[in-house]
Amino acid sequence: MSAHHVVPLKTFLKVFWALIGLTALTVVTAKGMDLHPFNGVVAFSIASVKGFLVMAFFMHLKYDDKANRYIIISSFFFVFLLFIFVVLDLGTRIPQASTL
Amino acid sequence: MAGAGSNYLNHEKGIMSWLTSRDHKRIGLLYFYTVGFFFLLGGIFAMLIRTELFSAGMQFTPELYNRFMTYHGVIMVFFVIIPGIPAILGNIIMPLQIGARDVAFPLVNLMSWYCYIAGAALGVASLFMGETVLWGIFGGADTGWTFYTPYSIKFSAANITAAFAAFVAGFSSILTGVNFVATVHKLRCPGMTMNRIPLFVWALYATAILQVLATPVVGITVALLAMENIFGIGFFDPELGGDPVLFQHFFWFYSHPAVYIMILPAMGVISELITAFSKKTIFGYTAIAYSSLAIAGVSFLVWGHHMYVSSQSEIAGLVFSILTMFVGVPTAIKLFNWLATLYKGSIQMQSPMLYALGFLFIFTIGGVTGIFLATIATDVHFHDTYFVVAHFHYVMVGGTLMAIMGGALYWFPKITGKMFNESIARMSFVFIFVGFNVTFFPQFILGAMGMPRRYADYLPAFESLNRISSLGSYVIGFGFIIALYVFINGWRKGAPAPANPWGAKTLEWTVPSPPPHENFDKIPTVTAGPYEYR
Amino acid sequence: MWWIPAAAAQTFMPPAATDIAKRVNSIYEFLVISSLISFVIVIVGLVYFIQKYKRKSENDKTAYITHNYTLEFLWSFIPFVLFMVLFAWGAKVYWDMRVSPEDAMEIHVNAKKWDWEFIYKNGRKITSDVDDKGKRIPPTMVVPVNKPVKLIMTSIKLNPNDKRDRAVLHSFFVPAFRTKQDIVPGRYTALYFTPTKVGNFHVFCTEYCGTGHSQMLGMVKVVEDNDFNNWVLGSEGGGPKELSMADKGKQIYATRACIGCHSLDGTPMTGPTWKGLYGSDRQFNDGTSTTADENYLRESILNANAKIVKGFTANQMPSFQGQLTDEDVTNVIEFIKSVK
Amino acid sequence: MSTGNTHHYAHHFESAEHEYESSKQGVWIFLTSEILMFGVLFVGYMIYHHMYPEMFKYGAKALDWRLGALNTVVLLTSSLTMVLGVHYCQVNNKQKAVMNLAITIACGAIFMVVKYFEYSHKIHAGKLPGMWFTADTHGFENLPLYFSFYFMMTGLHGIHVLAGMCLILWVLIRANRGEFNENYYTPVEGVGLFWHLVDLIWIFLFPLLYLV
């Protein structure tokens, strides 16, 4: 039964320490060194890796049915759509009061 | 369990057995009563709006008119049309059509009804809050159903409550959506592949995806609006550095897909009606099924067409314009496929079919006028005029309400186990159909002439057309009273209905009318598509 | 027979008073005709099928047709092509509707609950009036014929010091010009038109703004060039001579200590110079850049720390939020625009 | 079926397995809604961050990143114990399952206590959202907007933490009654998914609010 896949405890502990390590890394990169203007990108990338680990292992997606993966990916995709189209507007607002 | 003749209506008795029921059919009926009540309430507000606009000059006061207009919108959108088809007909029919004993999460289904009730209660309560405008008791929000900031940013109990009403009602919609997606994924009976589910189920499935993905966005947006009123958080308040146009983006990210939450299930109903009453297999099953998904997908990318002149950037406007054009294609596909289904059929003009054909007539007008609005240059003129009002009423009322009526009559024998009075039902169609066109067609012309919407008063030049429109609205009202009579009379005095009065082929007609509590004695096994009229 | 809907279209739409309006009309007519054709195809087909294939008996056999790819392709592809043509046509007209020529005459529009104010560069301000019977006379904007006009619009509060009140969205709509633009508080938006027809045209507010929404009317009066010049000079219905907007801005420049940090001759002081500022490229400390337009200037006046120009330091300039009214800000901007 | 525990699944499912799979998918679908909901706040945050970069940088300095980091560790730990709780249910170890669930709730409580101190500090300093802001803006006219984001995002997240704690308490009580075993632990799994989502959102909130 794939659904009742029992993951060995060791995996969870490894993932946990990886998460703690990444938390430390994100603090160090943001506070210790100034990577301006990439601060945001670095912090966000580390957070994405952490999120990936949580979803893959803690939320069992790695062992789960494919459908659930698509479901959760679709949610990020639609957040992305919201973001990209709002940015499309804000980013291309030609100063309205000037001549185009 | 229960003996012969036991069905979902009588297998348990008492009001509590209804209020705590997890049976999808009973929950569907609960929705039917409550949505029906709000439809009447919203209809009364509509009549009041048309009465105000009967002549130039003020019949009521502008404050009162603005509340009529707001509550007509809020009630009809959030409490009638969005839950309308999925929560009533979808709930009752969808599990039967895919050969399931219930929806995936019956308790969640009941919870969604209570969310609806809570939201509706808040909505009604907000009528008595805020600045009073009538008889010292009636107040209410006057922001329009779109809650645009910064107008809606003012500390007003009515605004906050109305926003929360929409928020809570949103949860009802999300829970229904979650339930339906899981049900379609997981509870199809053996042999019921995705290519064999009826088109109504396809439409509901696409709708449910929209409900799950879009509703939380408006939920949090109106919640933030309430916070804006309470704490002045400033997200959408230019005085505190916020951007009111961002509110419109967030709002329409939901509210445009919401338009398809309203119309897609209606399209599903029409697919069922047309095949059943022309006794013919659907033309282009795959095309219709996937066009539902296509519409759902593209609908997330077009919200900016509500904002062409909102000070959105020109480039964004053009991108949204072209994407909006793409929605037109799957819609056209559906329309032509329905027409082709009629070809060489055996068409019976029963009242549900009349509603379906009425839908085709009205929806065609609604559809082509959509192109007027998608074309960015003409939309600059039509935006926020009565042209838009006419267009979306042609789609929402003429489309969705026609489908609700057609579907309700079509499945009436299944739901109640009784037949309705056919000739009176036809009469109701004539009144609703004629009244509808008389009401809303003149509004296209008014819009072209430049009459802005949400006007409590207008220039004398617009009077004659407005008067025709108001008269038409009373005809619609009369038509719905007849329709109400058809339902009540049919339920009380109708002749017992056979299991399959229309000779339709989908699974719900294989069980007795009304269906037993558990739907199927034995879960069926399906070996062919849904519309095998050979 | 094409002329029937075309004629109808002409009568439903208000008279076209700009070239753009005429081009919008052409799209509109094309849309009306093509929709009418498709509507007729659908409805004739519908009625024909209903008649032809009426149920004769309960045992009717129907054709088992599941699909026809050629047909399906045709009725997806033909609408698609039509939609793309419409998009391109609409986009072209829209673009021309939005791009205003450099030399357009600028008029400022203030929208408030629930009235319009039109302010000319020379300081002349048009507000609504009351006639003998106490009836409101909507404000009338007078513009010359065949000259491009650009409106710079913002939404203001009746009482700038009222903390509970909010300036709200409005929308400036002239049906005869087929053009419309929302007016957003805290920002400037622009609308451009070149009237080609002399006459009086209605202005509506088309963004719901509350109780007086439907009373928020105005007029645009298009007059011949000479008449306009006379009117501007004040010989016709003119009031007492006002300072021009730029001059009012200059007063603020002098009295509100702008002069201490911003030069008019190009030398950078504590703050950047105002000479040639308008329309120039601004490079910021964080690496981004923008063109100095009205909205940028407004933000810099009200919230100086929002963006810091390269070579200058933050926290030098006090915030003028709540210190200057919207009108003051507009006047200062007009002054900056005049320092070339 | 070593322990002989069989679960009575609801009448509309074919098997216990079918019920488990369907319920889990239902939770996932609901989580997409949650992500979209938080997504709006994140999108808003990014847009205003871009509009007022200096102001957001200044606002982030007003937060104590040590407390944020502490809370991150606390939540990550709770996520670990949650997943262990599910694991011990799967292997029929009631005692350890209950213990791990209890630790999860305790971590949630610690998180909320830390949050309480952060909030009360901000409230005393007058760093409240929007128009309630009374502290000095230090020349950043829109600084209140930063605190609006801070309070709205962490507030909505805090509500989810509280809801998650209640749900875990519910499954803890049921676990203590011995209702879960290798064949039936669907509620623990579902609540676990919800709790991890709460953790996931904090993983993004922490750097965005405290660090960048």
Side-chain angles (χ1 to χ4, degrees), chain A residues 1 3-9 11-13 15-17 19-20 22-24 26-27 29-31 36-37 39-44 46-55 57-61 64-65 67-76 78-84 86-87 90-91, chain D residues 17-18 20-21 24-25 27-29 31-36 38-40 42-44 46-47 49-51 53 57 60 65-66 68-69 72-73 76-77 79-84 86-88 90-91 182-183 185 189 192-193 195-197 199-208 210-212:
Chain A
M1 285 202 295
H4 294 254
H5 185 96
V6 180
V7 185
L9 282 181
T11 317
F12 291 139
L13 283 171
V15 171
F16 174 71
W17 288 118
L19 287 170
I20 297 288
L22 285 169
T23 308
T26 191
V27 170
T29 50
K31 291 285 154 190
H36 183 83
N39 273 335
V41 181
V42 169
F44 197 80
I46 296 177
S48 305
V49 174
K50 285 163 77 181
F52 176 78
L53 287 177
V54 169
M55 286 198 292
F57 293 96
F58 285 0
M59 295 168 99
H60 310 303
L61 267 189
D64 210 338
D65 172 352
N68 292 344
R69 272 185 226 182
Y70 295 134
I71 289 170
I72 206 71
I73 288 170
S74 72
S75 74
F76 289 110
F78 280 93
V79 174
F80 175 71
L81 281 185
L82 174 66
F83 177 70
I84 208 74
V86 174
V87 167
L90 291 164
Chain D
E17 173 78 20
H18 186 207
Y20 168 78
E21 283 292 327
K24 197 166 69 174
Q25 187 165 85
V27 175
W28 275 111
I29 298 167
L31 294 188
T32 58
S33 268
E34 292 280 353
I35 289 175
L36 260 297
F38 277 98
V40 171
F42 278 107
V43 169
M46 289 190 198
I47 282 162
H49 189 287
H50 183 78
M51 256 191 231
K57 215 192 243 168
W65 66 269
R66 288 176 215 90
T72 311
V73 173
L76 287 175
T77 313
S79 246
L80 177 70
T81 53
M82 185 72 227
V83 86
L84 293 179
V86 177
H87 176 85
Y88 285 118
Q90 278 178 323
V91 296
E182 62 186 322
N183 294 315
Y185 56 92
E189 174 83 24
L193 288 178
W195 188 256
H196 295 310
L197 183 88
D199 184 25
L200 185 71
I201 285 162
W202 183 258
I203 285 175
F204 283 92
L205 277 182
F206 167 60
L208 287 188
Y210 290 78
L211 296 180
V212 178

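What's counted below: heavy atoms across the whole structure, side chains too, no hydrogens, waters or symmetry copies.
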For [X], is it the side chain, the backbone, both, or neither that has a heavy atom closer than 4.5 Å to a heavy atom of chain D?
| X | result |
| --- | --- |
| A:Val54 | side chain |
| A:Leu61 | side chain |
| A:Leu90 | side chain |

Heavy-atom side-chain proximity of D:Leu80 to A:Trp17 below 4.5 angstrom: no
Residue pair D:Lys24 / A:His60, side-chain heavy-atom distance below 4.5 Å: no
Taking all atoms of both residues into account, what is the closest heavy-atom pair of [X] and [Y], and its distance?
| X | Y | value |
| --- | --- | --- |
| A:Ile71 | D:Trp28 | CG2-O, 3.9 Å |
| A:Ser75 | D:Leu36 | O-CD2, 3.6 Å |
| A:Lys50 | D:Ile203 | CB-CG2, 3.6 Å |

Contact part of [X] toward chain A, heavy-atom cut-off under 4.5 Å: side chain, backbone, both or neither?
| X | value |
| --- | --- |
| D:His196 | both |
| D:Phe206 | side chain |
| D:Glu189 | side chain |

A:Phe44 atom CZ, over 12 foreign heavy atoms within 6.0 Å: no
Options [options], ranked by heavy-atom pairs under 4.5 Å with chain A, top entry:
| options | result |
| --- | --- |
| D:Thr72, D:Val83, D:Val40 | D:Val83 |
| D:Thr32, D:Asp199, D:Val27, D:Leu208 | D:Thr32 |
| D:Leu76, D:Leu31, D:Leu200 | D:Leu76 |
| D:Leu84, D:Val73, D:Ile201, D:Thr77 | D:Thr77 |

Contact winner vs chain D - A:Leu22, A:Val15, A:Asp64, heavy-atom pairs under 4.5 Å: A:Asp64
Value rounded to 0.5 Å, distance of OG1 in A:Thr26 from CH2 in D:Trp65: 11.0 Å
A:Ile72 vs D:Ile35, side-chain contact (heavy atoms from CB on, under 4.5 Å): CA-CA, chis, key distance, verdict: CA-CA 9 Å; A:Ile72 206 71; D:Ile35 289 175; 3.6 Å; yes
Residue pair D:Thr81, A:Phe16: steps toward the side-chain contact (heavy atoms from CB on, under 4.5 Å) verdict: CA-CA 10 Å; D:Thr81 53; A:Phe16 174 71; over 6 Å; no
